[in-house]
Amino acid sequence: MTLPPCAPNPPRPLVLASTSRYRRELLARLRVPFDVVAAPVDETPRPGETPQAAARRLALAKAAAGAALRPDAVVIGSDQTATIDGTAIVGKPGDHAAALAQLRAASGRTLWFHTAVAVADASQPQPAIDVVSTRVAFRTLTEREIDDYLRAEQPYDCAGAAKAEGLGIALLETIDGPDPTALIGLPLIRLSAMLRAAGYRIPG
């Protein structure tokens, strides 16, 4: 992919259309100033929609909703879906009981995480969009391991209850994907390229 030379950051502000603390922390790594807006989007899956397609659609919808609130800005939208063995969709558990059920189901099996990122730039005819997929293989877990992990980490806002940036890494056998930050919720390698293409200067 050919990108334009880095230039001074444009006067347009950068906005993250997400209230996720994980995405805020990830985006802060790029050391480009940004604002945050809440851009609520109905995340109900559509009949027959693949997990990758759902993540792509929702990332675009969040970027568009953010752009409607901040038409002066370049807006980032992102979404993540997860599946067990490529079939059953796994969401955020929300509480201990649901997280326990998710990790019991994941024990000894493989989860795929599909993380989409979209960048809406009013100067461009359409948003930039990409989906980064990560394969995560779980160890065979005991009930004690699952319960201890959940009580220590309380990952109830993480898809599949798999908080790999924390203690959840100890539950896994392998992680296979092109960008480790995609698993956390925002693929910074791909996003950095998108922002450079939009005229932002990424240090480093």
Side-chain angles (χ1 to χ4, degrees), residues 16-31 34 36 38-41 43-45 50-52 54-56 58-59 62 76-118 130-192:
L16 175 65
S18 174
T19 57
S20 164
R21 63 186 177 94
Y22 305 111
R23 292 192 175 107
R24 289 199 304 270
E25 289 168 2
L26 285 167
L27 184 55
R29 292 189 194 181
L30 299 185
R31 301 189 181 185
F34 66 94
V36 174
V41 168
E43 298 188 8
T44 304
T50 67
Q52 297 95 323
R56 179 185 179 92
L58 292 170
K62 291 174 182 180
I76 300 165
S78 184
D79 192 77
Q80 184 182 76
T81 60
T83 63
I84 292 181
D85 295 338
T87 53
I89 294 180
V90 181
K92 298 174 183 177
D95 59 32
H96 185 88
L100 190 66
Q102 285 185 348
L103 290 176
R104 283 172 177 159
S107 176
R109 299 172 73 183
T110 297
L111 267 68
W112 280 92
F113 291 83
H114 306 287
T115 310
V117 60
D130 202 0
V131 181
V132 178
S133 296
T134 308
R135 179 184 180 276
V136 178
F138 278 74
R139 295 189 298 105
T140 299
L141 306 172
T142 67
E143 286 288 306
R144 178 65 179 271
E145 285 176 322
I146 293 172
D147 191 65
D148 285 351
Y149 160 70
L150 290 177
R151 294 188 185 283
E153 195 70 90
Q154 300 184 12
Y156 307 134
D157 59 349
C158 298
K163 193 173 181 181
E165 69 274 26
L167 186 58
I169 198 70
L171 306 180
L172 309 180
E173 283 188 343
T174 61
I175 297 175
D176 184 16
D179 185 342
T181 59
L183 183 58
I184 305 172
L186 191 65
L188 293 184
I189 294 174
R190 188 68 189 93
L191 178 58
S192 294

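Bear in mind the structure is a predicted one, so any value in this text is a computation, not a measurement.
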Between [X] and [Y], is there a donor-acceptor pair closer than 3.5 Å when you use the side chain of the first and the backbone of the second?
X	Y	value
Thr181	Leu186	yes
Thr81	Ala55	no
Arg24	Thr19	yes
Gln102	Gly91	yes
Arg139	Ala170	yes
Lys62	Ser78	yes
Asp179	Ile189	yes

Check [X] against [Y] and note the closest heavy-atom contact, atom names and distance.
X	Y	value
Gly168	Leu172	O-CG, 3.6 Å
Leu26	Gly185	CD1-N, 4.0 Å
Ile84	Ala105	CD1-CB, 3.9 Å
Ala152	Leu167	CB-CD2, 3.9 Å
Thr140	Glu145	O-OE1, 4.1 Å
Ala59	Ala118	O-CB, 3.7 Å

Once you round to the nearest 0.5 Å, how far does [atom1] of [X] lie from [atom2] of [Y]?
X	Y	atom1	atom2	answer
Leu183	Asp176	CG	CG	11.5 Å
Leu150	Leu100	CG	CG	6.0 Å
Glu165	Glu25	CD	CD	8.5 Å
Asp157	Lys163	CG	NZ	7.0 Å
Arg151	Tyr149	CZ	OH	14.0 Å

Side chain to side chain contact (heavy atoms under 4.5 Å, CB included), that's the test. Do Gln52 and Trp112 meet it? Break it down for me. CA-CA 10 Å; Gln52 297 95 323; Trp112 280 92; over 6 Å; no
Please report the C-alpha distance between Leu27 and Leu191 in whole Å, then the side-chain angles of each, then the deciding distance to 0.1 Å, and finally whether the side chain to side chain contact (heavy atoms under 4.5 Å, CB included) criterion is met. CA-CA 9 Å; Leu27 184 55; Leu191 178 58; 3.8 Å; yes
Begin with the C-alpha distance, continue with both residues' side-chain angles, and end with the deciding distance and a verdict on side chain to side chain contact (heavy atoms under 4.5 Å, CB included) for Arg104 and Glu143. CA-CA 8 Å; Arg104 283 172 177 159; Glu143 286 288 306; 2.9 Å; yes
Just to verify, what does Gln154 make a side-chain contact (heavy atoms from CB on, under 4.5 Å) with, not counting sequence neighbours?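 With sequence neighbours excluded, Gln154 shows a side-chain contact (heavy atoms from CB on, under 4.5 Å) to Tyr156, given in chain and number order.
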Just one of Thr142, Asp147, Asp148 clears the side-chain hydrogen bond (donor to acceptor under 3.5 Å, both in side chains) bar with Arg144, so which one?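 Among Thr142, Asp147, Asp148, the one that satisfies the side-chain hydrogen bond (donor to acceptor under 3.5 Å, both in side chains) with Arg144 is Asp148.
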Please determine whether side chain to side chain contact (heavy atoms under 4.5 Å, CB included) holds for the pair Thr134 and Thr115, giving the CA-CA distance in whole Å, both sets of side-chain angles, and the decisive distance to 0.1 Å. CA-CA 8 Å; Thr134 308; Thr115 310; 5.6 Å; no
Side-chain heavy-atom pair Ser192, Leu30 within 4.5 angstrom cut-off: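 A side-chain contact exists here, since the closest heavy-atom pair is under 4.5 Å.
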Within a strict 4.5 Å, meaning less than it, do heavy atoms of the Ile175 and Ile169 side chains meet?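 Yes, side chains in contact.
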